[in-house]
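Values below: every heavy atom of this structure, side chains too, minus hydrogens, waters and symmetry copies. Bear in mind the structure is a predicted one, so any value in this text is a computation, not a measurement.
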Amino acid sequence: MWVPSLLGVTLGVVVFATTFVVPVRADDVFWHLRVGELIVTEGAVPRQNRFSFSAAAHPWVAHEWLAEVALYGARRAAGDRGLVLLAVLLNALACAGAGRLVLRRAGSPLAAAAVTLGCGLLLLGNFALRPYLFGNVALIALLALLEEPRTGGRARPALLLGLFALWANLHGSVALGLAVAAAYLVLGGRSGWRGRGLDLGVALAGALLTPHHVHGLLLPLAYARQALGGGGFVSHIREWQPVALGSAPGVLLATAFASAVLAVALSRTRPRAVHLALGAAAALLGFSGLRHAGPAALLMTPLLARHLPPAGAAVAAWLGRGGAALARADAGARDVAGVARLWPAAALLVVAAAGAPVAPLTARAPAFYPRGLVAHLVAHPEGRLFHHLDWGGALIHGAWPAQPVFIDARNDCYPAAVWADYLRVHRLEPGWREALDRWRVEAIAYPRGSELAAALRDDAGWVAAFEDEQVVLFRRR
(Lines give C-alpha, C1' and ligand atoms only; values in the text may rest on other atoms or scores of the structure.)
Protein backbone atom coordinates (compact mmCIF):
# COMPACT_ATOMS: atom_id res chain seq x y z
CA MET A 1 0.00 0.00 0.00
CA TRP A 2 1.01 3.62 -0.45
CA VAL A 3 0.80 4.51 3.26
CA PRO A 4 3.84 2.43 4.40
CA SER A 5 5.94 4.32 1.85
CA LEU A 6 5.23 7.54 3.76
CA LEU A 7 8.02 6.81 6.23
CA GLY A 8 10.46 6.12 3.41
CA VAL A 9 9.41 9.24 1.52
CA THR A 10 9.65 11.34 4.69
CA LEU A 11 13.09 9.96 5.37
CA GLY A 12 14.00 10.82 1.80
CA VAL A 13 12.79 14.40 2.37
CA VAL A 14 15.02 14.60 5.44
CA VAL A 15 18.04 13.36 3.48
CA PHE A 16 17.24 15.78 0.64
CA ALA A 17 16.96 18.70 3.05
CA THR A 18 20.18 17.90 4.85
CA THR A 19 22.01 17.67 1.52
CA PHE A 20 20.61 20.37 -0.71
CA VAL A 21 18.47 22.75 1.38
CA VAL A 22 20.29 23.17 4.70
CA PRO A 23 23.88 22.14 3.95
CA VAL A 24 25.98 20.84 6.80
CA ARG A 25 28.21 23.49 8.37
CA ALA A 26 31.91 23.12 9.08
CA ASP A 27 32.26 25.74 11.82
CA ASP A 28 34.15 23.62 14.32
CA VAL A 29 35.38 20.51 12.53
CA PHE A 30 38.94 21.59 11.77
CA TRP A 31 40.60 20.86 15.09
CA HIS A 32 38.67 17.58 15.27
CA LEU A 33 40.29 16.56 11.99
CA ARG A 34 43.75 17.43 13.30
CA VAL A 35 43.20 15.43 16.49
CA GLY A 36 41.94 12.46 14.48
CA GLU A 37 45.05 12.63 12.32
CA LEU A 38 47.33 12.70 15.37
CA ILE A 39 45.59 9.69 16.90
CA VAL A 40 45.89 7.69 13.68
CA THR A 41 49.53 8.59 13.01
CA GLU A 42 50.76 8.36 16.61
CA GLY A 43 48.54 5.53 17.82
CA ALA A 44 47.63 7.27 21.09
CA VAL A 45 44.90 9.58 22.42
CA PRO A 46 46.35 12.98 23.44
CA ARG A 47 46.11 13.84 27.12
CA GLN A 48 47.53 17.36 27.08
CA ASN A 49 46.93 20.59 25.21
CA ARG A 50 49.64 20.44 22.58
CA PHE A 51 48.33 23.16 20.31
CA SER A 52 48.50 26.29 22.49
CA PHE A 53 51.29 28.34 24.02
CA SER A 54 48.93 29.87 26.59
CA ALA A 55 48.06 26.47 28.11
CA ALA A 56 50.94 24.28 27.01
CA ALA A 57 50.77 20.80 28.57
CA HIS A 58 47.48 21.64 30.33
CA PRO A 59 45.52 18.39 30.98
CA TRP A 60 42.95 17.61 28.31
CA VAL A 61 40.32 14.86 28.24
CA ALA A 62 39.85 14.06 24.53
CA HIS A 63 36.56 12.27 25.14
CA GLU A 64 35.44 12.42 21.48
CA TRP A 65 38.55 10.70 20.12
CA LEU A 66 36.73 7.90 18.28
CA ALA A 67 34.45 10.36 16.46
CA GLU A 68 37.51 12.40 15.50
CA VAL A 69 39.14 9.30 14.05
CA ALA A 70 35.94 8.57 12.10
CA LEU A 71 35.78 12.14 10.75
CA TYR A 72 39.43 12.07 9.75
CA GLY A 73 39.02 8.63 8.17
CA ALA A 74 35.97 9.74 6.14
CA ARG A 75 37.85 12.73 4.78
CA ARG A 76 40.99 10.75 4.09
CA ALA A 77 38.99 8.11 2.21
CA ALA A 78 36.65 10.36 0.18
CA GLY A 79 37.69 13.97 0.78
CA ASP A 80 35.19 16.61 1.81
CA ARG A 81 32.45 14.62 0.06
CA GLY A 82 33.07 11.74 2.46
CA LEU A 83 32.67 14.00 5.47
CA VAL A 84 29.44 15.53 4.18
CA LEU A 85 27.98 12.15 3.27
CA LEU A 86 28.86 10.80 6.73
CA ALA A 87 27.00 13.71 8.36
CA VAL A 88 23.94 13.24 6.11
CA LEU A 89 23.84 9.51 6.87
CA LEU A 90 24.12 10.07 10.63
CA ASN A 91 21.29 12.62 10.56
CA ALA A 92 19.16 10.28 8.46
CA LEU A 93 19.86 7.37 10.83
CA ALA A 94 18.73 9.42 13.82
CA CYS A 95 15.50 10.41 12.05
CA ALA A 96 14.90 6.88 10.77
CA GLY A 97 15.45 5.52 14.28
CA ALA A 98 12.79 7.86 15.63
CA GLY A 99 10.33 6.83 12.91
CA ARG A 100 11.06 3.15 13.45
CA LEU A 101 10.46 3.46 17.20
CA VAL A 102 7.03 5.01 16.59
CA LEU A 103 6.19 2.44 13.92
CA ARG A 104 7.08 -0.52 16.14
CA ARG A 105 5.43 0.84 19.28
CA ALA A 106 2.28 2.26 17.70
CA GLY A 107 2.06 0.62 14.26
CA SER A 108 1.05 3.91 12.66
CA PRO A 109 2.96 4.90 9.52
CA LEU A 110 1.34 8.34 9.56
CA ALA A 111 2.54 9.01 13.10
CA ALA A 112 5.97 7.61 12.25
CA ALA A 113 6.26 9.89 9.22
CA ALA A 114 5.22 12.93 11.28
CA VAL A 115 7.78 12.19 14.00
CA THR A 116 10.51 11.53 11.41
CA LEU A 117 9.86 14.87 9.73
CA GLY A 118 9.70 16.72 13.06
CA CYS A 119 13.00 15.26 14.21
CA GLY A 120 14.55 16.15 10.87
CA LEU A 121 13.50 19.79 11.18
CA LEU A 122 14.86 20.12 14.72
CA LEU A 123 18.09 18.31 13.88
CA LEU A 124 18.66 20.79 11.06
CA GLY A 125 18.67 23.63 13.58
CA ASN A 126 22.27 22.86 14.48
CA PHE A 127 23.48 20.66 11.64
CA ALA A 128 27.26 20.73 11.62
CA LEU A 129 30.19 18.37 11.14
CA ARG A 130 30.55 17.58 14.80
CA PRO A 131 30.83 14.46 17.01
CA TYR A 132 27.36 15.05 18.45
CA LEU A 133 25.91 13.58 15.24
CA PHE A 134 27.09 10.18 16.53
CA GLY A 135 25.54 10.94 19.93
CA ASN A 136 22.11 11.53 18.37
CA VAL A 137 22.17 8.09 16.74
CA ALA A 138 23.23 6.47 20.02
CA LEU A 139 20.44 8.26 21.91
CA ILE A 140 17.63 7.03 19.66
CA ALA A 141 19.12 3.51 19.71
CA LEU A 142 19.04 3.59 23.52
CA LEU A 143 15.43 4.79 23.60
CA ALA A 144 14.44 1.94 21.28
CA LEU A 145 16.12 -0.59 23.60
CA LEU A 146 14.56 0.86 26.74
CA GLU A 147 11.10 0.99 25.19
CA GLU A 148 11.38 -2.70 24.26
CA PRO A 149 12.75 -4.47 27.37
CA ARG A 150 12.84 -7.88 25.67
CA THR A 151 14.93 -6.78 22.69
CA GLY A 152 18.15 -8.75 22.41
CA GLY A 153 17.13 -11.51 24.78
CA ARG A 154 20.19 -12.97 26.47
CA ALA A 155 22.43 -10.78 24.32
CA ARG A 156 20.79 -7.59 25.66
CA PRO A 157 23.55 -6.83 28.24
CA ALA A 158 26.16 -7.19 25.51
CA LEU A 159 24.17 -4.85 23.26
CA LEU A 160 23.93 -2.18 25.95
CA LEU A 161 27.57 -2.59 26.95
CA GLY A 162 28.69 -2.17 23.36
CA LEU A 163 26.37 0.80 22.76
CA PHE A 164 27.62 2.72 25.79
CA ALA A 165 31.27 1.80 25.23
CA LEU A 166 31.03 3.23 21.70
CA TRP A 167 28.98 6.23 22.81
CA ALA A 168 31.42 7.16 25.59
CA ASN A 169 34.26 7.34 23.07
CA LEU A 170 32.23 9.20 20.46
CA HIS A 171 30.57 12.05 22.37
CA GLY A 172 29.95 13.37 25.86
CA SER A 173 26.17 13.02 25.50
CA VAL A 174 26.72 9.53 26.94
CA ALA A 175 25.98 11.24 30.29
CA LEU A 176 22.49 12.03 28.96
CA GLY A 177 22.12 8.36 28.03
CA LEU A 178 22.90 7.30 31.60
CA ALA A 179 20.36 9.82 32.90
CA VAL A 180 17.74 8.39 30.54
CA ALA A 181 18.49 4.82 31.69
CA ALA A 182 18.20 5.96 35.32
CA ALA A 183 14.85 7.62 34.56
CA TYR A 184 13.49 4.35 33.15
CA LEU A 185 14.69 2.52 36.26
CA VAL A 186 13.14 4.95 38.74
CA LEU A 187 9.94 5.84 36.87
CA GLY A 188 9.33 2.72 34.83
CA GLY A 189 7.06 1.09 37.40
CA ARG A 190 7.43 -1.88 39.70
CA SER A 191 7.30 -4.62 37.12
CA GLY A 192 10.60 -5.30 35.39
CA TRP A 193 12.66 -3.14 37.73
CA ARG A 194 15.37 -5.80 38.01
CA GLY A 195 15.87 -5.86 34.27
CA ARG A 196 15.98 -2.07 34.13
CA GLY A 197 18.48 -2.05 37.00
CA LEU A 198 20.67 -4.46 35.06
CA ASP A 199 20.35 -2.19 32.01
CA LEU A 200 21.60 0.80 34.00
CA GLY A 201 24.46 -1.15 35.59
CA VAL A 202 25.66 -2.47 32.23
CA ALA A 203 25.32 1.01 30.70
CA LEU A 204 27.45 2.53 33.45
CA ALA A 205 30.10 -0.16 32.99
CA GLY A 206 30.19 0.50 29.25
CA ALA A 207 30.47 4.26 29.75
CA LEU A 208 33.65 3.72 31.77
CA LEU A 209 35.35 1.76 28.96
CA THR A 210 37.32 4.73 27.64
CA PRO A 211 40.99 5.77 27.80
CA HIS A 212 39.94 8.37 30.40
CA HIS A 213 37.68 6.10 32.50
CA VAL A 214 35.71 8.13 35.05
CA HIS A 215 37.31 11.44 33.98
CA GLY A 216 35.70 11.18 30.55
CA LEU A 217 32.33 10.57 32.17
CA LEU A 218 32.65 13.54 34.52
CA LEU A 219 33.61 16.04 31.81
CA PRO A 220 30.05 16.52 30.43
CA LEU A 221 28.91 17.19 34.00
CA ALA A 222 31.42 20.05 34.21
CA TYR A 223 29.87 21.53 31.05
CA ALA A 224 26.40 21.18 32.52
CA ARG A 225 27.48 22.83 35.77
CA GLN A 226 28.92 25.78 33.87
CA ALA A 227 25.79 26.09 31.72
CA LEU A 228 23.49 26.03 34.76
CA GLY A 229 25.71 28.42 36.70
CA GLY A 230 25.92 30.92 33.87
CA GLY A 231 29.66 31.38 34.21
CA GLY A 232 32.88 30.15 32.70
CA PHE A 233 33.62 29.52 29.05
CA VAL A 234 30.21 28.00 28.27
CA SER A 235 28.47 31.33 28.84
CA HIS A 236 30.45 32.82 25.93
CA ILE A 237 29.65 30.13 23.34
CA ARG A 238 26.77 30.93 20.99
CA GLU A 239 25.27 27.46 20.75
CA TRP A 240 25.05 27.22 24.54
CA GLN A 241 22.95 30.38 24.83
CA PRO A 242 19.21 30.04 25.60
CA VAL A 243 17.02 29.78 22.51
CA ALA A 244 14.81 32.84 22.02
CA LEU A 245 11.14 31.94 21.62
CA GLY A 246 10.78 34.33 18.67
CA SER A 247 13.69 32.83 16.71
CA ALA A 248 13.18 30.17 14.03
CA PRO A 249 14.56 27.36 16.26
CA GLY A 250 12.45 28.67 19.14
CA VAL A 251 9.28 28.58 17.03
CA LEU A 252 10.07 25.01 15.91
CA LEU A 253 10.71 23.89 19.48
CA ALA A 254 7.58 25.57 20.78
CA THR A 255 5.52 23.98 18.01
CA ALA A 256 6.97 20.54 18.78
CA PHE A 257 6.30 20.79 22.51
CA ALA A 258 2.81 22.21 21.96
CA SER A 259 2.06 19.32 19.59
CA ALA A 260 3.23 16.81 22.22
CA VAL A 261 1.04 18.40 24.90
CA LEU A 262 -1.93 18.44 22.53
CA ALA A 263 -1.35 14.78 21.62
CA VAL A 264 -1.38 13.79 25.29
CA ALA A 265 -4.56 15.77 25.90
CA LEU A 266 -6.42 14.40 22.85
CA SER A 267 -5.31 10.79 23.20
CA ARG A 268 -7.16 10.23 26.49
CA THR A 269 -4.42 7.73 27.29
CA ARG A 270 -2.75 7.80 30.66
CA PRO A 271 0.84 8.98 30.17
CA ARG A 272 3.71 7.01 31.63
CA ALA A 273 5.71 8.86 34.26
CA VAL A 274 8.99 8.19 32.47
CA HIS A 275 7.61 9.65 29.23
CA LEU A 276 6.50 12.82 31.02
CA ALA A 277 9.94 13.10 32.60
CA LEU A 278 11.60 12.74 29.20
CA GLY A 279 9.27 15.37 27.75
CA ALA A 280 10.05 17.81 30.55
CA ALA A 281 13.79 17.16 30.12
CA ALA A 282 13.41 17.75 26.38
CA ALA A 283 11.78 21.13 27.00
CA LEU A 284 14.53 22.19 29.40
CA LEU A 285 17.28 20.97 27.11
CA GLY A 286 15.80 22.37 23.92
CA PHE A 287 15.43 25.93 25.16
CA SER A 288 18.70 25.91 27.13
CA GLY A 289 20.82 25.95 23.99
CA LEU A 290 20.62 25.42 20.24
CA ARG A 291 23.00 22.45 20.41
CA HIS A 292 20.36 20.53 22.39
CA ALA A 293 17.48 20.88 19.90
CA GLY A 294 18.23 17.53 18.25
CA PRO A 295 18.43 15.47 21.46
CA ALA A 296 15.28 17.24 22.69
CA ALA A 297 13.38 16.08 19.60
CA LEU A 298 14.58 12.51 20.06
CA LEU A 299 13.69 12.46 23.76
CA MET A 300 10.06 13.23 22.92
CA THR A 301 9.77 10.22 20.59
CA PRO A 302 8.54 7.66 23.19
CA LEU A 303 5.86 10.09 24.40
CA LEU A 304 4.67 10.72 20.84
CA ALA A 305 4.73 7.02 20.02
CA ARG A 306 2.25 6.40 22.83
CA HIS A 307 -0.08 9.35 22.36
CA LEU A 308 0.09 10.52 18.76
CA PRO A 309 -1.87 7.61 17.15
CA PRO A 310 -4.89 7.81 19.52
CA ALA A 311 -4.79 11.58 19.26
CA GLY A 312 -4.80 11.26 15.48
CA ALA A 313 -7.77 8.90 15.71
CA ALA A 314 -9.64 11.50 17.77
CA VAL A 315 -8.89 14.19 15.19
CA ALA A 316 -9.91 11.83 12.36
CA ALA A 317 -13.24 11.20 14.05
CA TRP A 318 -13.79 14.96 14.30
CA LEU A 319 -12.94 15.46 10.60
CA GLY A 320 -15.63 13.04 9.43
CA ARG A 321 -15.29 11.28 6.08
CA GLY A 322 -11.85 12.60 5.23
CA GLY A 323 -10.51 11.60 8.62
CA ALA A 324 -12.13 8.17 8.34
CA ALA A 325 -10.37 7.58 5.02
CA LEU A 326 -7.01 8.48 6.54
CA ALA A 327 -7.70 6.24 9.53
CA ARG A 328 -8.57 3.30 7.29
CA ALA A 329 -5.42 3.81 5.20
CA ASP A 330 -3.29 4.04 8.32
CA ALA A 331 -4.91 0.95 9.83
CA GLY A 332 -4.34 -1.03 6.66
CA ALA A 333 -0.58 -0.55 6.80
CA ARG A 334 0.29 -1.80 10.27
CA ASP A 335 2.69 -4.50 9.11
CA VAL A 336 5.92 -3.63 10.91
CA ALA A 337 7.82 -6.07 8.72
CA GLY A 338 7.03 -3.76 5.82
CA VAL A 339 9.60 -1.30 7.16
CA ALA A 340 12.17 -3.07 4.98
CA ARG A 341 10.29 -1.76 1.94
CA LEU A 342 10.44 1.85 3.07
CA TRP A 343 14.06 2.54 2.16
CA PRO A 344 14.19 2.85 -1.66
CA ALA A 345 13.28 6.55 -1.74
CA ALA A 346 15.82 7.39 0.94
CA ALA A 347 18.47 5.21 -0.70
CA LEU A 348 18.04 7.01 -4.03
CA LEU A 349 18.49 10.37 -2.32
CA VAL A 350 21.58 9.14 -0.47
CA VAL A 351 23.05 8.23 -3.85
CA ALA A 352 22.08 11.67 -5.13
CA ALA A 353 23.76 13.24 -2.12
CA ALA A 354 26.93 11.27 -2.84
CA GLY A 355 26.98 12.59 -6.40
CA ALA A 356 25.97 16.17 -5.65
CA PRO A 357 28.51 19.00 -5.90
CA VAL A 358 30.16 19.46 -2.51
CA ALA A 359 31.57 22.81 -1.43
CA PRO A 360 34.98 22.62 0.28
CA LEU A 361 34.99 22.76 4.06
CA THR A 362 36.64 26.16 4.04
CA ALA A 363 33.83 27.50 1.84
CA ARG A 364 31.25 26.09 4.27
CA ALA A 365 32.78 28.05 7.15
CA PRO A 366 34.38 31.21 5.72
CA ALA A 367 34.07 33.09 9.02
CA PHE A 368 35.80 30.23 10.85
CA TYR A 369 38.58 29.56 8.34
CA PRO A 370 40.58 32.68 7.29
CA ARG A 371 42.40 31.09 4.37
CA GLY A 372 44.65 34.05 3.67
CA LEU A 373 45.83 34.23 7.27
CA VAL A 374 46.46 30.48 7.45
CA ALA A 375 48.53 30.55 4.26
CA HIS A 376 50.52 33.55 5.53
CA LEU A 377 51.25 31.90 8.89
CA VAL A 378 52.39 28.68 7.23
CA ALA A 379 55.00 30.70 5.34
CA HIS A 380 55.71 33.23 8.11
CA PRO A 381 54.92 31.94 11.63
CA GLU A 382 54.44 34.74 14.14
CA GLY A 383 55.42 33.10 17.42
CA ARG A 384 53.05 34.15 20.21
CA LEU A 385 49.95 35.08 18.24
CA PHE A 386 46.75 36.43 19.77
CA HIS A 387 43.79 35.72 17.48
CA HIS A 388 40.01 35.52 17.36
CA LEU A 389 38.51 32.52 19.19
CA ASP A 390 36.66 31.30 16.08
CA TRP A 391 39.93 30.94 14.17
CA GLY A 392 41.67 28.65 16.65
CA GLY A 393 40.47 25.45 14.98
CA ALA A 394 41.57 26.62 11.52
CA LEU A 395 45.03 27.51 12.81
CA ILE A 396 45.37 24.11 14.51
CA HIS A 397 44.30 22.38 11.31
CA GLY A 398 46.25 24.46 8.81
CA ALA A 399 49.22 26.11 10.55
CA TRP A 400 50.16 24.01 13.60
CA PRO A 401 52.83 23.05 14.70
CA ALA A 402 54.68 25.96 13.10
CA GLN A 403 52.09 28.34 14.55
CA PRO A 404 50.75 27.60 18.06
CA VAL A 405 47.42 29.13 19.03
CA PHE A 406 46.42 31.32 21.95
CA ILE A 407 42.96 29.78 22.37
CA ASP A 408 40.44 27.64 20.51
CA ALA A 409 36.97 26.14 20.92
CA ARG A 410 38.06 23.07 22.92
CA ASN A 411 37.09 25.11 25.99
CA ASP A 412 37.88 22.58 28.70
CA CYS A 413 41.64 22.52 28.19
CA TYR A 414 42.24 26.20 29.01
CA PRO A 415 42.57 27.61 32.54
CA ALA A 416 40.16 30.32 33.64
CA ALA A 417 42.95 32.91 33.45
CA VAL A 418 43.35 32.35 29.71
CA TRP A 419 39.63 32.84 29.12
CA ALA A 420 39.55 35.94 31.30
CA ASP A 421 42.46 37.56 29.45
CA TYR A 422 41.08 36.61 26.04
CA LEU A 423 37.74 38.27 26.84
CA ARG A 424 39.51 41.30 28.33
CA VAL A 425 41.39 41.91 25.10
CA HIS A 426 38.45 40.97 22.86
CA ARG A 427 36.21 43.50 24.61
CA LEU A 428 38.93 46.14 25.08
CA GLU A 429 38.26 46.13 28.81
CA PRO A 430 40.59 47.97 31.19
CA GLY A 431 43.94 46.21 31.36
CA TRP A 432 43.77 44.68 27.87
CA ARG A 433 47.22 45.95 26.90
CA GLU A 434 48.67 44.57 30.15
CA ALA A 435 47.09 41.20 29.35
CA LEU A 436 48.90 41.14 26.00
CA ASP A 437 52.16 42.00 27.73
CA ARG A 438 51.56 39.34 30.37
CA TRP A 439 51.36 36.65 27.69
CA ARG A 440 54.27 38.23 25.75
CA VAL A 441 52.10 38.43 22.63
CA GLU A 442 54.16 39.25 19.55
CA ALA A 443 51.38 39.49 16.93
CA ILE A 444 47.60 39.90 16.79
CA ALA A 445 45.27 38.63 14.03
CA TYR A 446 41.68 39.89 14.14
CA PRO A 447 38.77 40.68 11.80
CA ARG A 448 39.27 43.90 9.86
CA GLY A 449 36.12 45.57 11.13
CA SER A 450 36.61 44.69 14.79
CA GLU A 451 37.08 47.20 17.58
CA LEU A 452 40.41 45.62 18.49
CA ALA A 453 41.73 46.10 14.94
CA ALA A 454 40.64 49.75 15.00
CA ALA A 455 42.37 50.29 18.36
CA LEU A 456 45.61 48.73 17.13
CA ARG A 457 45.64 50.87 13.98
CA ASP A 458 45.76 53.93 16.24
CA ASP A 459 48.39 52.42 18.54
CA ALA A 460 51.97 53.42 17.75
CA GLY A 461 53.23 50.19 19.30
CA TRP A 462 51.68 48.03 16.58
CA VAL A 463 52.01 47.94 12.79
CA ALA A 464 49.93 46.09 10.21
CA ALA A 465 52.06 43.32 8.65
CA PHE A 466 49.42 41.45 6.64
CA GLU A 467 45.91 42.29 5.52
CA ASP A 468 43.23 40.90 3.25
CA GLU A 469 39.46 41.32 2.94
CA GLN A 470 38.88 39.32 6.14
CA VAL A 471 41.88 39.70 8.44
CA VAL A 472 44.44 42.20 9.58
CA LEU A 473 47.62 40.98 11.26
CA PHE A 474 49.55 43.35 13.54
CA ARG A 475 53.10 43.00 14.81
CA ARG A 476 54.73 44.80 17.68
CA ARG A 477 57.07 47.51 16.41
Got [X] and [Y] here, is their nearest side-chain heavy-atom distance under 4.5 Å?
X	Y	value
Glu68	Leu33	no
Arg50	Leu38	yes
Val472	Ile444	no

Is the backbone N or O of [Y] less than 3.5 Å from a side-chain atom of [X], with the two atoms forming a donor-acceptor pair by type?
X	Y	answer
Arg384	Glu442	no
Arg371	Thr362	no
Gln48	Trp60	no
Asp80	Leu361	yes

Who pairs with Tyr422 by ring pair (Phe, Tyr, Trp, His ring centres under 6.0 Å), at least two apart in sequence or on another chain? Phe386, His426
Side-chain ion pair, Arg448 and Glu467, N-O less than 4.0 Å: yes
Evaluate the ring planes of His171 and Tyr132, with Trp represented by its six-membered ring, and classify them as parallel (under 30°), tilted (30 to 60°) or perpendicular (over 60°). perpendicular
What residue among Tyr446, Trp419, Trp439 forms ring pair (Phe, Tyr, Trp, His ring centres under 6.0 Å) with Phe406? Trp439
From CA spacing to verdict: side-chain contact (heavy atoms from CB on, under 4.5 Å), Phe134, Glu64: CA-CA 10 Å; Phe134 295 93; Glu64 300 166 334; over 6 Å; no
For a salt bridge (Lys or Arg N to Asp or Glu O under 4.0 Å) check, start with the C-alpha distance between Arg433 and Asp459, then their side-chain angles and the critical distance, and finish with the verdict. CA-CA 11 Å; Arg433 289 186 173 86; Asp459 193 320; 3.0 Å; yes
Stepwise salt bridge (Lys or Arg N to Asp or Glu O under 4.0 Å) check, Glu382 with Arg476: CA-CA 11 Å; Glu382 294 288 349; Arg476 287 189 186 270; over 6 Å; no
Using side-chain contact (heavy atoms from CB on, under 4.5 Å) as the criterion, list what pairs up with [X], not counting sequence neighbours.
X	value
Pro295	Asn136, Leu139, Leu176
Ala144	Leu101
Ala138	Leu163, Trp167

Test ring pair (Phe, Tyr, Trp, His ring centres under 6.0 Å) applied to Phe474 and Phe466, step by step: CA-CA 7 Å; Phe474 296 91; Phe466 168 81; over 10 Å; no
If I compare all heavy atoms of [X] with all of [Y], which pair ends up nearest, and what's the gap?
X	Y	value
Pro447	Ser450	O-OG, 2.7 Å
Ala67	Pro131	CB-CB, 3.6 Å
Val45	Ala62	CG1-CB, 3.9 Å
Ala435	Arg424	CB-CD, 4.5 Å

May I have the step-by-step check of side-chain contact (heavy atoms from CB on, under 4.5 Å) for Leu278 and Leu143, ending in yes or no? CA-CA 10 Å; Leu278 292 181; Leu143 289 169; 4.1 Å; yes
Assess whether atom CD of Glu451 is packed by more than 12 heavy atoms of other residues, nucleotides or ligands within 6.0 Å. no
Roughly how far, to the nearest 0.5 Å, is [atom2] of [Y] from [atom1] of [X]?
X	Y	atom1	atom2	answer
Ser54	Leu385	OG	CG	11.0 Å
His292	Leu122	NE2	CG	14.0 Å
Leu200	Tyr184	CG	OH	13.5 Å

Could you check whether His32 and Glu37, counting side-chain N and O atoms only, form a donor-acceptor pair closer than 3.5 Å? no
Take Phe30 and Phe368 through the ring pair (Phe, Tyr, Trp, His ring centres under 6.0 Å) test and state the conclusion after the steps. CA-CA 9 Å; Phe30 301 106; Phe368 287 78; 8.4 Å; no
Give every residue pair that meets the side-chain hydrogen bond (donor to acceptor under 3.5 Å, both in side chains) criterion with at least one member in residues 197-211, sequence neighbours excluded. Arg156-Asp199
side-chain hydrogen bond (donor to acceptor under 3.5 Å, both in side chains) pairs, two or more places apart, involving residues 391-402: Arg75-His397
Of Val61, Asn169, Leu66, the residue whose pairing with Pro211 passes side-chain contact (heavy atoms from CB on, under 4.5 Å): Asn169
Please walk me through it: do Arg47 and Glu42 pass salt bridge (Lys or Arg N to Asp or Glu O under 4.0 Å)? CA-CA 13 Å; Arg47 297 181 180 274; Glu42 298 179 358; over 6 Å; no
